[in-house]
Trainee: 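First, the structure itself, so that you have it in front of you.
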Number of protein chains: 4
Amino acid sequence: MPAPKSVPSKTVPSKTVPAKETGPAKETGAAKETGAPKKTEPTKSERTRERLLLAAATTLSRLGYAGMRLVDVAEEAGVQAPAIYYYWPSREQLIEEVVTVGTARLREYVEAALAAAPPGATALDRLDIAIDAHLRQLASESAFAHAVIRNVSQLPPAIRSRQVVEERAYAAIWRRLFTDAVASAELRPGLNPELAQPLIIGILNWAAEWWSPERSSIDEVVATAQSIVRHGVAADGPH
Amino acid sequence: MPAPKSVPSKTVPSKTVPAKETGPAKETGAAKETGAPKKTEPTKSERTRERLLLAAATTLSRLGYAGMRLVDVAEEAGVQAPAIYYYWPSREQLIEEVVTVGTARLREYVEAALAAAPPGATALDRLDIAIDAHLRQLASESAFAHAVIRNVSQLPPAIRSRQVVEERAYAAIWRRLFTDAVASAELRPGLNPELAQPLIIGILNWAAEWWSPERSSIDEVVATAQSIVRHGVAADGPH
Amino acid sequence: MPAPKSVPSKTVPSKTVPAKETGPAKETGAAKETGAPKKTEPTKSERTRERLLLAAATTLSRLGYAGMRLVDVAEEAGVQAPAIYYYWPSREQLIEEVVTVGTARLREYVEAALAAAPPGATALDRLDIAIDAHLRQLASESAFAHAVIRNVSQLPPAIRSRQVVEERAYAAIWRRLFTDAVASAELRPGLNPELAQPLIIGILNWAAEWWSPERSSIDEVVATAQSIVRHGVAADGPH
Amino acid sequence: MPAPKSVPSKTVPSKTVPAKETGPAKETGAAKETGAPKKTEPTKSERTRERLLLAAATTLSRLGYAGMRLVDVAEEAGVQAPAIYYYWPSREQLIEEVVTVGTARLREYVEAALAAAPPGATALDRLDIAIDAHLRQLASESAFAHAVIRNVSQLPPAIRSRQVVEERAYAAIWRRLFTDAVASAELRPGLNPELAQPLIIGILNWAAEWWSPERSSIDEVVATAQSIVRHGVAADGPH
DNA sequence: TATGAATGAGATTTCATTCAT
DNA sequence: AATGAATGAAATCTCATTCAT
């Protein structure tokens, strides 16, 4: 059995989703692909916006969609609630951005990890990589992925419009992982990949509910998950 | 490999948790000393109460702890919102009962299934049984388990006081399942059972998020989950 | 200075005010002046009604007009709240009866005391008698007078329709006491009887706020009040 | 007999009780160390708060503790009901402040009047002064004293916590007035000062129930009350 | 004669949102 | 760029009242 692959630690730059209607409408992800990544100091406004977005993610994952109060978000960011309206036109838009960004960052992080996979990696090797990346993003101090995973099912459809696009793109990655494994006969015959895939995702997503750094190291969780999944879905002849 | 065990379909009678402070306070359990448990018709009051409790579970799992409005619950039960206060002293108490009952019913259902296991069942056979029972309870039309699984993490501690007791009892069952498998050397060496257990639970609980009868039959989901888990955690020998 | 006159202890039969619209409409004070007072046993219904009326008076004086809840009244009377509607058509009517009866009983009690005054009693002697009667009625275990005094000022006019009639009748008694004292030159010259009268009534009514049997005997309060009033209003040449 | 003393008309500045938990929490007293008390214009916030407090006092004295609705208070102050929550965390806290401030202002007003008494004033002269001050404060356009007097007896104990402190302080002043009169032999022998004091207070407090400027001038009420009280309690010698 | 079950109206309270500054 | 002050809409909860029994 091959050693679990680990994701490259380089952080994926988030294509943060812009707020369109309000004041600063500054895109943080701006100027992509410019030769020299001009690491300009973020303005005070940009920093407040980012603080608020993170505060919203944190509060959202702690209290849920309906429970997230703007006062809490603002307090966590060290401002007053009306300040939020300088950056987003409504609570809904703020949440929309949190979940869209959260899903996007997760997808990008896993995508980047897979893109960095060695040329000879098998389908199951790539599955290991995806598991590693997904779990680590979830465990990262940023609460974005957390917020998404805990709340999508309770979000009104209107709020998910952009998020579902990201989510479908992310789901496609996982479906690909499984169809590849089927194609290369690495998946155990008789196992329905349409069902195996969401079941496996459950292993990962549910970790958001119980894992904490005090309980165990993230490395060990990743290794255990990889081991269970690989044995759980692999064809019997070990690869 | 033995065929996946299926849970006996007889529903476990739930030790419904009593409402203590309000009006009817009728205990369903008691059955006043009669030798043969007289299956008396439930009174109109009891039926309304049960309808409200179920409505609360449904609404709770759809909208979350903070999003569940009493008007919705009442409407679903076909009464006006204040009627709820005839049976529970507060929204919080209603929710408390939903999650406590939900956890208890899940535990009892799985317990009963394990109790009905054939004498010769191995530790992994019993794991299959537990998976089957947990998933079927989750998929049952009753939204109780659903409501609990989706919401516990967002519940204020005060509301969980009684639920956590049930939850710990349920967790003990699963821990037992894994320690038994370790003891009988059925668990793959090197696999940390402390981590394997919550990861496996994730497979099951997350099904609440994506499974629907239209998507696939519950039988197939159960079989697939059992297959993944068994291969995922079993020592290499048996297969 | 003459010894304080005391009210004859015979209790004044209360012309309890009838409830007109509802069920039993039994008048308790019925058959007045009939030669032999047929002391028929009160029916169960009559007893419940009287218990409720007293409970209403008690609750009313403790919690005030807006604060008196029918549940409290019913509980104090040992029945359920809807039982009240068997005797009164509405909460308002119940309160109306409490304050009307309360005022009437007070007036009748003082009237009876004055009627029993010895032939030679001076105006100030009669004032002493009125003070004695008013204070003792207030201190009596029945909370009726209490309830009236504490609440009339906050009652909606509609509820006072019948009570004001009684109240005016009672006020007339006191005005008479003062005009008599003026006529007999017993009142200190220069003292405005129009103002002295309500000021004196204040001495008595306010006792409802502070007096309790633990604090002092009712006899001593009566004596002190009589002493203050007599010296306070009497013409200098002692009578 | 000395002419009734009148209270100096200068209004005693009320040590307004601060709102601790909510928004503005501005203390009116403080006056930040400036040598001369800079009579700065009150801010808009302070004015709204004071308007609400006065409106609450008015409504409270008209409708009683349980009958005072926030909508009424707000309407009287020219704002919407939720605005109240910007200044107080609950209806109870608002009422608590009204009665505490009301009691404090009454005490301060009477205290100031007594402090301004001429050096040679006898105990009975000082009693006259207190009567004058108490009645005038009650008759003042500010409804605070009114609100307290009419409602204390119906207030839940929790609300009175701070008010009772003020009340005890005020009661001490009156007790002192009477013990002084006893000490200087100005009180009629045989009169129990423990009972005379609350009876006299009743004369004053009950005026809140019946006095109105249309009925008579406040000056005449004060004079009549002083006359009754002085004759009512004075030792026979002086007159 | 009274209660159990429920409702409609209305109260307090919360909270996203606005707006002048 | 952000806040203080306030509002409108809606949620929970209370309570008088109804009605079948």
Side-chain angles (χ1 to χ4, degrees), chain A residues 22-24 43-49 52 66-74 77-92 94, chain B residues 22-24 26 43-49 66-72 74 78-92 94, chain C residues 23-24 43-45 48-49 66-74 78-92 94, chain D residues 22-24 26 43-49 66-74 78-92 94:
Chain A
T22 356
T43 65
K44 187 182 164 219
S45 170
E46 282 163 356
R47 275 182 287 122
T48 306
R49 187 181 203 282
L52 278 167
M68 185 199 94
R69 289 155 48 208
L70 294 191
V71 189
D72 297 336
V73 174
V79 293
Q80 298 295 316
I84 292 171
Y85 289 85
Y86 184 76
Y87 298 99
W88 292 272
S90 73
R91 174 182 184 272
E92 309 259 291
L94 167 58
Chain B
T22 357
K26 301 277 171 51
T43 65
K44 187 183 165 219
S45 172
E46 282 163 356
R47 277 181 286 122
T48 306
R49 188 180 202 282
M68 185 198 94
R69 287 155 46 212
L70 295 188
V71 193
D72 298 337
V79 293
Q80 297 297 313
I84 293 172
Y85 288 86
Y86 185 75
Y87 297 97
W88 292 272
S90 72
R91 174 183 183 274
E92 308 254 295
L94 167 57
Chain C
T43 66
K44 187 181 162 219
S45 171
T48 306
R49 186 179 202 282
M68 185 198 93
R69 289 155 49 208
L70 294 191
V71 190
D72 297 336
V73 174
V79 294
Q80 297 296 316
I84 292 171
Y85 288 85
Y86 183 75
Y87 299 98
W88 293 270
S90 74
R91 175 183 184 272
E92 309 260 292
L94 167 57
Chain D
T22 358
K26 299 277 170 52
T43 65
K44 186 184 164 218
S45 172
E46 283 163 355
R47 276 181 287 124
T48 306
R49 188 180 202 282
M68 186 198 94
R69 288 155 48 212
L70 295 189
V71 192
D72 298 337
V73 174
V79 295
Q80 297 296 315
I84 293 172
Y85 288 84
Y86 185 75
Y87 297 98
W88 293 271
S90 72
R91 174 183 183 276
E92 308 254 296
L94 167 57

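Note that these values count all heavy atoms, side chains included, but never hydrogens, waters or copies made by symmetry. Just so we're on the same page: letters track the sequence lines, and every chain starts at 1. All of these numbers come straight from a predicted model, not from anything done at the bench.
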Trainee: My validator wants the stems of DNA chain F: runs of 3 or more consecutive Watson-Crick or G-U pairs, both distances under 3.5 Å, written as range with range.
Mentor: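 The stems are E:2-21 with F:2-21.
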Trainee: Quickly work out the Gln80(B) CD to dG8(E) P distance and round it to whole Å.
Mentor: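 Those two atoms, CD and P, are 5 Å apart.
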Trainee: What is the distance, to the nearest angstrom, from the CG atom on Asp72(D) to the P atom on dG10(E)?
Mentor: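 Taking atom P of dG10(E) as the reference, CG of Asp72(D) is at 13 Å.
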Trainee: With Ala83(D), which residues qualify under side-chain contact (heavy atoms from CB on, under 4.5 Å), at least two apart?
Mentor: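 Ala83(D) satisfies side-chain contact (heavy atoms from CB on, under 4.5 Å) with Val79(D) only.
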Trainee: Could you run down nucleotides 15-21 of chain E 5' to 3' and tag each one B, S or - for protein heavy-atom contact under 4.0 Å?
Mentor: SSBB---
Trainee: Taking only the side-chain heavy atoms of Ala83(C) (C-beta and beyond), determine which of dA6(E), dT3(E), dA2(F) contains the nearest atom.
Mentor: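 Comparing dA6(E), dT3(E), dA2(F) against the side chain of Ala83(C), the answer is dT3(E).
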Trainee: Glu92(A): which residues meet the side chain to side chain donor-acceptor pair (under 3.5 Å) condition with it, sequence neighbours left out?
Mentor: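 With sequence neighbours excluded, Glu92(A) shows a side chain to side chain donor-acceptor pair (under 3.5 Å) to Tyr65(A), given in chain and number order.
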Trainee: Can you tell which of dT7(E), dA6(F), dT3(E) lies closest to the side chain of Val79(B)?
Mentor: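 For Val79(B), the side-chain atoms sit closest to dT7(E).
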Trainee: Between Ile84(C) (CD1) and dC15(F) (P), how many Å, whole number?
Mentor: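 Ile84(C) atom CD1 is separated from dC15(F) atom P by 13 Å.
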Trainee: It should be established whether Thr48(D) places a side-chain nitrogen or oxygen under 4.0 Å from OP1 or OP2 of nucleotide dA5(F).
Mentor: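 Answer no for this pair, as no side-chain N or O of Thr48(D) is under 4.0 Å from OP1 or OP2.
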Trainee: With sequence neighbours excluded, tell me which residues meet salt bridge (charged side-chain N to carboxylate O under 4.0 Å, His left out) with Arg91(A).
Mentor: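 Arg91(A) satisfies salt bridge (charged side-chain N to carboxylate O under 4.0 Å, His left out) with no residue once adjacent residues are dropped.
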Trainee: Rounding to an integer number of Å, can you tell me how far Tyr87(C) OH sits from dA16(F) C1'?
Mentor: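 Whole-Å distance recorded here is 19 Å.
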